[in-house]
Amino acid sequence: MAQLFTPFTLRSVELKNRIVVSPMCEYSAEDGYTNDWHVVHLGSRAVGGAGLIITEATAVSPEGRISAGDLGLWKKEHIAGLERITRFAKDHGAAIGVQLAHAGRKASHHIPWVKNGAQLTPEEGGWQTVSASAQAFSEEEIPPVSLDQTGITKVIHDFRRAAGYALQAGFQLIELHGAHGYLIHQFLSPLSNKRTDEFGGSFENRTRLLREIVKAVREVWPSNLPLFVRLSATDWHPEGWTVEDSVKLSQQLTPLGVDLIDCSSGGIIPGVKIPLTPGYQVPLAAKVRAGAGVPTAAVGLITTPTQAEEILEKGEADLILLARQSLRDPYFPLHAATELGAEVTWPIQYVRAKL
Ligand SMILES: Cc1cc2nc3c(=O)[nH]c(=O)nc-3n(C[C@H](O)[C@H](O)[C@H](O)COP(=O)(O)O)c2cc1C
């Protein structure tokens, strides 16, 4: 039996297989609301047989959006549109989670296909960004404001509120976006966190915001539903966040109610060399899994069923996340089952495609 098609249980949620649609920003929302695009995009991946679908980075506040096209979950009016999507996914056998995010200093940008995703100017509707420290991502950008205690309390509150709305929208899982140089990562990494208060300096202090967010989310997110954290498991930089830091942090997050670490990497500063080879982040997932004894997800340049199967067989990760391959082939899970000789149920409407 192919490992890729074995179920995986997280608290009360059973995934029918190990294939997960990785979060992917679609930059197609207005004022945070879903529309037909999100229904079709996420819905077709449920039809395609994924075990779990995680929505794109969904902003916990308007100022936490990368762009004006991001999905949001900062007001109760956002719930209904998302609920339509979660219902459809579950009806078609896919579990569905939401990635909750705050972009910090990477907020206030054009969508990628307008002006190459450059930062918005105030005249273009740009807004003041916030971060751990008042340091811009790059020299060309307007610096963020360093969050004070009131600002930090608001961020924690915004994540908690969004988690409550996520529950009402029918999500079965939350992933906190702590990777890719966004706000949580800006606190974690010594490359972007230059604070001298209790949220900066030592490892304990830099990781405090994430721990506080996890605790706040767990206050409203039921104990029978799983919580993931996505980390950039390394900054790929000698003075940055390391995989050893990721192992240590993961050990601290498990007792707070985190069930799985989704191991991505990079994104905190520009110009870093990342070794982009097939499965290049898999060793990070393997190290965190072995070192911290927590389930992990592997992601990044995983494109074939046999590659995914080998990762699971070697015990390097528990789940396989696919982003671009899932864009190329929304039916990847159904095709992978054929290739690996696994029995899966096709949507009844599509059964004749198998004949
Ligand atoms: C179009 C697109 C949008 C993405 N948006 C997000 C996102 O919202 N949140 C996130 O954590 N990663 C995001 N990513 C990164 C992917 O989830 C994934 O980690 C990365 O693409 C590597 O996996 P792949 O080689 O399978 O594409 C995005 C990637 C793509 C291609």
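Ligands are counted one by one from 1 in listed order, and the atoms in each one are counted from 1 as well. Remember, it's a predicted structure, so these values are computed and weren't measured experimentally.
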Pairs under 3.5 angstrom only: tabulate donor-acceptor contacts from the side chains of residues 315-323 to other protein residues two or more places apart or in another chain.
{"unit_1": "D318", "atom_1": "OD1", "unit_2": "R289", "atom_2": "NE", "d": "3.4"}
{"unit_1": "D318", "atom_1": "OD1", "unit_2": "R289", "atom_2": "NH2", "d": "2.8"}
{"unit_1": "D318", "atom_1": "OD2", "unit_2": "R289", "atom_2": "NE", "d": "2.8"}
{"unit_1": "D318", "atom_1": "OD2", "unit_2": "T296", "atom_2": "N", "d": "2.9"}

Listed partners of E124 passing salt bridge (Lys or Arg N to Asp or Glu O under 4.0 Å), at least two apart: K115
Please tell me whether V214 and L73 are part of a single hydrophobic cluster in this structure, the criterion being side-chain heavy atoms less than 4.5 Å apart. yes
Is it true that L231 and Y280 fall in one hydrophobic cluster, defined by side-chain heavy atoms closer than 4.5 Å? yes
Could you check whether atom CD of E343 has more than 12 heavy atoms from other residues, nucleotides or ligands sitting under 6.0 Å from it? no
Which protein residues have a heavy atom closer than 4.0 Å to any atom of ligand 1, listed by chain and number? S22, P23, M24, C25, E56, A57, Q99, H177, H180, R230, V299, G300, L301, L322, A323, R324
State which residues pass ring pair (Phe, Tyr, Trp, His ring centres under 6.0 Å) with Y350; sequence neighbours excluded, sorted by chain then number. none
